Amino acid sequence: MSILVDKDTRVCVQGITGRDGSFHTKGMLDYGTPVVAGVTPGKGGQEVHGVPVFNTVQEAVEATGANTSATYVPARFAPDAIYEAIDAGIKLIVAITEGVPTQEVLKIYNYLKGKPTKMIGPNSPGIITPGVAKVGIMPGGIHKPGKIGVISRSGTLTYEVVDQLSSAGLGQSTCLGIGGDQIIGMSFIDLLPLFEADEGTDAVVLIGEIGGTDEEIAASYIKSEMRKPVVSFIAGRAAPAGKRMGHAGAIIAGGTGTAEAKIKALEEAGVSVARTPMEIPDLIKQRL
Amino acid sequence: MKVHEYQAREIFARYGIPVLQGEVCATPEEARKIAEKLQKSVVIKAQVQVGGRGKAGGIKLAKNPEEAEKLAKEILGMEIKGITVEKIMVTEAIDIKEELYVGMVIDRAGKKIALMTSEAGGIEIEEVARKTPDKIHKVGVDPLVGLKNYQIQRLVAPLFKEKELKQEAGSIIRKLYQAFVENDCSLAEINPLVVTVEGKLLACDTKVNIDDNALFRKELAELRDPGAEDPLELEARQSDLSYVGLDGSVACIVNGAGLAMTTMDIIKLYGGEPANFLDVGGSSSPEKVVNAMRIILTNKNVRAILINIFGGITRCDDIAAGIIEAMNKMEVPYPIVVRLTGTNKEKAREMLANTDLNFADSFAEGVKKVVKLAE
């Protein structure tokens, strides 16, 4: 069991003929992910690692039954590719692209309202259901199938945490990075209910960081709605205010978005907040 | 990215927003000429992208061209919060009746463009929000729908009684919104928007931040003033690295922003003080490590360096090649602790076997070692 990515997932790679798209298509195929189609306008008819390339997402969906898109399209063209996937009826868009203009993502966010499509990212490392499929750029080998759900705003920090979990014998149901940008598709608050409802998930690890108030919003949901234990780590306690820490969304602005405020809100909601990623496995074991 | 007040003023003027008459310049002689042309008292404002320039003496009133030249000479070259004033704006002095606020930002939580007005202009809007929140009027605009008349009404109605002023302010808000959207702003602000004694509206201080993700647009990238940036942060950005300098003695080179922040946090947790944030990014070439090392070594507080890599797309052998190249190219007078795990870590270990680096098998061990070495 898992969320969003399962045995019915059929992936279409947008931007498959590009350097990143092609490289990560191979990585996804090596992991056993059913990558059924690729899309690059004007390059229909080609093949990349044996995957057929189409000119449009619509054609790819009709010919292959693709229901999930992994988007590696360069930032300035990514919004167009995302609208195309939405209009073609793709169920889950995983936007890997970094650097999409914020106002463009804001428009996409509002366009998605009321539509069946869900979007992870942009600036996401992707989503993986260990042993089933990975849609993204994370190293597959560190993951083990199991019953811990992982949601994160980060990439490599998530790998660090997953590695700690797997080493401690705690496999994962589904792990995903929601993206480091200011405006993103699905937030913690959209994903926690899916993990809460998933029979294959026993506990959730929530990895947050400075900037915005998504962790505080998640905390109020956890407090009132969640029965499954949640363990968290928040990055950026040592970060100065007013400076962007790598991720576009990781900035303490006008006193909002500090690690302290997030940790306090989460602890008040009954979440165990780890001081280091290394503490996470033990905290989970205590709560299970 | 922040842009200068004069650049924001130029953008706003292009959209038909009434701004103060005047010009930007870089010499006292030019300041004098601008004052002569305006034929009235002028205000001279230092063009630096930091708050509190008024208190620091960076804003002065001159009654005549001679005084404008004299004051311009004082302000140019002055240091305000570590930034040297290289440009000044010389604008007409006006008689102010009221100071208002108009601004817009991207609302992260509401997923809209938030437009705000206030009758308490001339002070920081965050302060108004804290002290007198009822004086802030706010609407959220769905960018797909655009700004509607009823929303403008809600923004201007609390500010004025006079119909003409309401209309004029509404027109300014509409133009500001257009400027915000078309220039990929993350913030656009007029503070204060002044009502003059003659009953006219004028944008007195103008502020714009541009979305960093939109800087592939050439016309926006050109607004950047390299002199306004921290030189090391600038150099890092040009090398495609993300760097923020701090005061501590433990430097770090990390892949990924989340892991880089966490590395700083744990250095602090184990009793050290981080000297920097540095993310070499996802796919790190050896060259990036060399550049990262060069930038770190310019920080005189550094006593020890931690290289913390979780290889995924980043290959540990690339990082190892970068470390070797850096040590050949420059003298590194501080101990280095290396923690490399993930893709090709064995190969990296072999490559580094004959060096005098300190190795750590885990994140925690690496941080403990480097904090000790920095003492």
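Quick caveat, the model's predicted, so the values are computed rather than measured. Convention: sequence-line order gives letters A, B, ...; per-chain numbering from 1.
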- Item | Test: A:Lys107 cationic atom under 6.0 Å from A:Tyr111 six-membered ring centre, within 45° of axis | no

- Given that the side chain runs from C-beta out, which part of B:Asp265 has a heavy atom under 4.5 Å from chain A: side chain, backbone, both or neither? both

- Heavy-atom pairs under 4.5 Å with chain B, option from A:Gly212, A:Pro139, A:Gly155 with the top count: A:Gly212

- Message: Any heavy-atom pair between the side chains of B:Leu278 and B:Val280 that's under 4.5 Å?
- Response: yes

- Atom group of B:Leu215 that falls short of 4.5 Å from chain A, counting heavy atoms: neither

- Query: Who among A:Thr213, A:Ile210, A:Ile137 has the most heavy-atom pairs with chain B under 4.5 Å?
  - Reply: A:Ile137

- Heavy-atom distance under 4.5 Å to chain B: side chain of A:Glu209, backbone, both or neither? side chain

- Tell me, out of B:Ala260, B:Ala214, B:Pro143, B:Ser242, who's got the most heavy-atom pairs with chain A below 4.5 Å. B:Pro143

- Item | chain A contact via B:Lys111 - which portion, at a heavy-atom distance below 4.5 Å | both

- Note on the structure: From the list A:His24, A:His247, A:Met138, A:Arg76, the residue making the most non-hydrogen contacts under 4.5 Å with chain B is A:Arg76

- Query: Checking heavy atoms, do the side chain of A:Arg244, its backbone, both or neither come under 4.5 Å from chain B?
  - Reply: both

- Note on the structure: In this structure, CZ of B:Arg224 is separated from CG of B:Asp212 (nearest 0.5 Å) by 6.5 Å

- Message: Which atoms of A:Ile207 are under 4.5 Å from chain B, going by heavy atoms: the side chain, the backbone, both sets, or neither?
- Response: neither

- Message: Only pairs of heavy atoms separated by less than 4.5 Å count here; which of B:Cys185, B:Ala109, B:Ala129 has the most with chain A?
- Response: B:Cys185

- Item | CZ/A:Arg275: more than 12 non-hydrogen atoms of other groups inside 6.0 Å | no

- Query: Within a strict 4.5 Å, meaning less than it, do heavy atoms of the B:Lys81 and B:Val48 side chains meet?
  - Reply: no

- Query: A:Tyr109 versus chain B, heavy atoms under 4.5 Å apart: side chain, backbone, both or neither?
  - Reply: side chain

- Query: For B:Val181, is it the side chain, the backbone, both, or neither that has a heavy atom closer than 4.5 Å to a heavy atom of chain A?
  - Reply: both

- Item | chain B interface, residue from A:Ser154, A:Gly140, A:Gly211, A:Ala238 that has the most non-hydrogen pairs under 4.5 Å | A:Ala238

- Task: Identify which part of B:Ala364 has an atom lying under 4.5 Å from any heavy atom of chain A, answering side chain, backbone, both or neither.
- Result: both

- Note on the structure: If one checks every heavy atom of B:Glu124 against chain A at 4.5 Å, the contacting part turns out to be neither

- Message: Nearest 0.5 angstrom please: A:Lys243 NZ to B:Tyr243 OH, how far?
- Response: 10.0 Å

- chain A heavy atoms under 4.5 Å from B:Phe180: which part of the residue, side chain, backbone, both or neither? both

- Item | Which portion of B:Asp211 sits near chain A, non-hydrogen atoms under 4.5 angstrom | side chain

- Item | From SG (B:Cys316) to CZ (B:Arg339), nearest 0.5 Å | 9.0 Å

- Considering only heavy atoms from C-beta outward, does the side chain of B:Thr263 approach that of B:Phe363 to under 4.5 Å? yes

- Query: Is the shortest side-chain N to carboxylate O distance from B:Lys369 to B:Glu365 below 4.0 Å?
  - Reply: yes

- Message: Please evaluate residues B:Asn255 and A:Tyr159 with respect to the criterion side-chain hydrogen bond (donor to acceptor under 3.5 Å, both in side chains), reporting the C-alpha separation (whole Å), side-chain torsions for both, the decisive distance (0.1 Å), and the verdict.
- Response: CA-CA 11 Å; B:Asn255 69 322; A:Tyr159 312 159; over 6 Å; no

- chain B contact via A:Ser187 - side chain, backbone, both or neither, heavy atoms under 4.5 Å: side chain

- Message: What's the separation between atom CD1 in B:Ile305 and atom CZ in B:Arg303, rounded to the nearest 0.5 Å?
- Response: 11.0 Å

- Item | Close side-chain approach of A:Ile82 to A:Glu104, heavy-atom, < 4.5 Å | no

